[in-house]
Amino acid sequence: VPSATRATELDAMRRAVGLAERGLGRTSPNPVVGAVVLASDGTVVGEGFHAQAGGPHAEVVALADAGRRARGATVVVTLEPCAHTGRTGPCTQALIDADVARVVYAVSDPTAAAAGGAGVLQAAGIEVESGLLAAEAAAVNEAWLHAERTGLPFVTWKYASTLDGRIAAPDGTSRWISGAESRAEVHRLRAQVDAVMVGTGTVLVDDPELTARAADGTPHEHQPLRVVVGSRTIPPTAKVRDESVARTLFVDGEPAEVLRSLHAEGVRSVLLEGGPTLAGALLRAGLVDQVVAYLAPTLLGAGLAAVTTDVATLTDATALTVTDVTTVGGDVRITARTSSARNQEH
Ligand SMILES: NC(=O)c1ccc[n+]([C@@H]2O[C@H](COP(=O)([O-])OP(=O)(O)OC[C@H]3O[C@@H](n4cnc5c(N)ncnc54)[C@H](OP(=O)(O)O)[C@@H]3O)[C@@H](O)[C@H]2O)c1
């Protein structure tokens, strides 16, 4: 591939990853996918993304956007085009019908039903290349890829603590440990996942709403399913009982069983929002894949620790690998992987 073409395709793939990201939280049980159509001179003539399960796939949207200009074009797409008929027809056929010359995709489709798209395209005389910007494209689809491999949703445990790791003061007060920017970011995170999860303890103490809202209180377009785990009764006055904006599921059972049943319901990503008891149970069971900690520059010296475990010695500690450190307003956000996520990297 000539270097000018390579540079254009790289730009297009970056754009496609950005388009894919817009579908986060809305496409499950499907992956997020973005696609860009390039004319032979490298100009962008069409683009699209998979906006919701049951809706048209990214390639189909992008081809429709390009219209007749798709003929002889290169289609740059974040995931291998599917070769199967689900709720919509196979993307491979749409590409063949549009008479495109070349398809560049980032990540191979690991699912038995949809895989094999590359071979179908090649058999139809279309030039196919894979692997361009694969890491970035896999990252945006991380939850879906993880769920395909494990049969469990990808779990991100998020908490806000003081610099000394306290998530609530001894008197139980815990609201707004982190700053406004961090809290706004958490609302955006909620809008990108399929479900948020807490234990009954958090609901009974904090009475959180657990919806995804803008700073002025307006609900974001996508609301994750709220999942409350535990046996205690949640009073009818609790905010999670108000289902005018988001749905709530009350479940009792072992974390793995709860996650498996959520997966069966189409949930691919879960934002675990505590509290320390439920987080400890999931961590011990190896069910937490990623940790996002917002550390506020305050010290308490007493109060609840972020996680409750029965660890007795240092060698029993859960070792994490930091993947990102950044400041959010006045707080520090640390993103880290657990070994359960690392072991499943491919
Ligand atoms: N700063 C933060 O980021 C943050 C976030 C969340 C919570 N908090 C604080 O955390 C405190 C609440 O702590 P918490 O530990 O009681 O809350 P929690 O972890 O939300 O709830 C604990 C409950 O989860 C249920 N559960 C379900 N499966 C479990 C399992 N396998 N193992 C253990 N428990 C299981 C149990 O409910 P049943 O007993 O009903 O069966 C248990 O009592 C509050 O003070 C709150 O403010 C802080």
Side-chain angles (χ1 to χ4, degrees), residues 152-153 155-190 193 195-212 224 226-236 238-241 248-262 270-288 290-311 318 328-336 340:
L152 294 167
V155 177
T156 298
W157 169 39
K158 162 256 139 189
Y159 67 89
S161 77
T162 61
L163 203 52
D164 55 334
R166 310 291 177 161
I167 57 147
D171 68 354
T173 49
S174 74
R175 297 206 87 169
W176 300 331
I177 283 180
S178 54
E181 289 89 346
S182 298
R183 298 198 306 272
E185 191 176 277
V186 168
H187 282 268
R188 288 195 296 275
L189 283 180
R190 284 180 186 160
V193 295
V196 294
M197 181 186 280
V198 292
T200 52
T202 297
V203 172
L204 293 170
V205 175
D206 291 349
D207 192 20
E209 212 170 299
L210 296 174
T211 53
R226 299 173 295 186
V227 182
V228 178
V229 188
S231 58
R232 280 172 290 173
T233 305
I234 303 300
K239 292 192 180 115
V240 289
R241 289 273 186 205
T248 307
L249 190 69
F250 296 90
V251 283
D252 190 17
E254 281 309 303
E257 186 190 310
V258 170
L259 289 176
R260 257 193 300 276
S261 61
L262 287 174
V270 170
L271 186 65
L272 172 65
E273 300 207 36
T277 308
L278 185 62
L282 277 127
L283 209 55
R284 269 195 306 277
L287 296 167
V288 173
Q290 177 168 261
V291 179
V292 176
Y294 292 90
L295 305 183
T298 54
L299 297 165
L300 263 172
L304 272 186
V307 63
T308 309
T309 68
D310 50 10
V311 161
T318 304
V328 180
D331 303 329
V332 176
R333 184 192 67 207
I334 298 180
T335 308
S340 57

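Here the structure is a predicted model, which means the values were calculated and not measured. In each ligand, atom 1 is the first atom listed, and ligand 1 is the first ligand listed.
- Nearest protein neighbour of atom 16 (O) of ligand 1, counting heavy atoms only, is Gly201 CA, 3.5 Å.
- For ligand 1, the polar-atom distance check finds an N/O of Thr200 within less than 3.5 Å of one of the ligand's N/O atoms.
- For ligand 1, none of its N or O atoms has an N or O atom of Ala279 under 3.5 Å away.
- In this structure, Arg241 satisfies the cation-pi test against Phe250, with its NZ or CZ atom closer than 6.0 Å to the six-membered ring centre and inside 45 degrees of the ring normal.
- Among all protein heavy atoms, the one lying closest to atom 46 (C) of ligand 1 is Asp206 OD2, 3.2 Å.
- By heavy-atom distance, the residue among Leu304, Val307, Thr233, Thr202 lying nearest atom 11 (C) of ligand 1 is Leu304.
- The shortest contact between atom 18 (P) of ligand 1 and any protein heavy atom is with Gly275 N, 3.3 Å.
- Nearest non-hydrogen protein atom to atom 31 (N) of ligand 1 is Pro255 CD, 3.2 Å.
- Nearest non-hydrogen protein atom to atom 6 (C) of ligand 1 is Glu273 O, 3.2 Å.
- In this structure, atom 34 (N) of ligand 1 lies nearest to the protein heavy atom Thr277 CG2, 3.6 Å.
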Report the C-alpha separation of Leu295 and Ile334 in whole Å, then their side-chain angles, then the decisive distance to 0.1 Å, and conclude whether the side chain to side chain contact (heavy atoms under 4.5 Å, CB included) test is met. CA-CA 8 Å; Leu295 305 183; Ile334 298 180; 3.9 Å; yes
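- Classification of Arg226 and Glu209 as a salt-bridged pair fails, no side-chain N sitting under 4.0 Å from a carboxylate O.
- In this structure, Leu210 and Val198 have side chains that are in contact, with non-hydrogen atoms separated by less than 4.5 Å.
- In this structure, CD1 in Ile167 is found 7.0 Å from OG1 in Thr202, a value given to the nearest 0.5 Å.
- Residue-level proximity to ligand 1 for Lys158 is absent, since no heavy atom of it falls below 4.0 angstrom.
- Atom 24 (O) of ligand 1 has its nearest heavy-atom neighbour, among Thr173, Val229, Leu287, in Val229.
- Rounding to the nearest 0.5 Å places CE of Met197 at 10.5 Å from CG of Leu271.
- Considering backbone and side-chain N/O of Asp252, none are found under 3.5 Å from N/O of ligand 1.
- Considering every non-hydrogen atom in both Ala212 and Pro224, the closest pair reads CB-CD, 4.4 Å.
- Remark: among candidates Ala306, Pro276, Ser174, Ala160, the nearest residue to atom 1 (N) of ligand 1 is Ala160, based on non-hydrogen atoms.
- In this structure, the separation between CG on Leu299 and CG on Asp164 is 5.0 Å, given to the nearest 0.5 Å.
- Atoms of ligand 1 lying under 4.0 Å from at least one heavy atom of Gly230, given by number and element, are 25 (C), 37 (O), 38 (P), 40 (O), 41 (O).
- Taking atom 29 (C) of ligand 1 as the reference point, the nearest protein heavy-atom neighbour is Leu278 CD1, 3.9 Å.
- Ligand 1 has no nitrogen or oxygen under 3.5 angstrom from a nitrogen or oxygen of Val205.
- Looking at Val227 and Leu262, their side chains come closer than 4.5 Å, going by heavy atoms from C-beta outward.
- Remark: ligand 1 atoms within the under-4.0 Å shell around heavy atoms of Tyr159 are 3 (O).
- Backbone and side-chain nitrogen or oxygen atoms of Ile167 are examined, and one is located within less than 3.5 angstrom of a nitrogen or oxygen of ligand 1.
- Listed for the Asp207 side chain is a donor-acceptor partner under 3.5 Å among the backbone atoms of Lys239.
- For ligand 1, the atoms closer than 4.0 angstrom to any heavy atom of Gly274 are 6 (C), 20 (O).
- In terms of protein heavy atoms, atom 42 (C) of ligand 1 is closest to Arg232 NH2, 3.8 Å.
- Heavy-atom contacts of Gly199 reach the following atoms of ligand 1: 18 (P), 20 (O), 21 (O), 24 (O) (cutoff under 4.0 Å).
- Distances from atom 30 (C) of ligand 1 to the heavy atoms of Gly303, Ala293, Ala281, Ala305 show the closest one on Ala281.
- Put simply, CG on Leu272 and NZ on Lys158 are 9.5 Å apart, with the number rounded to the nearest 0.5 Å.
- Between the OG1 atom of Thr156 and the CG atom of Leu189 there is a distance of 8.0 Å, given to the nearest 0.5 Å.
- In plain terms, the two heavy atoms of Leu304 and Pro276 that are nearest each other are CD1-CG, 4.1 Å.
- For a threshold of 3.5 Å applied to N or O pairs, the pair formed by Val198 and ligand 1 contains no separation below that value.
- Rounding to the nearest 0.5 Å gives a distance of 6.0 Å between CZ of Arg183 and CH2 of Trp176.
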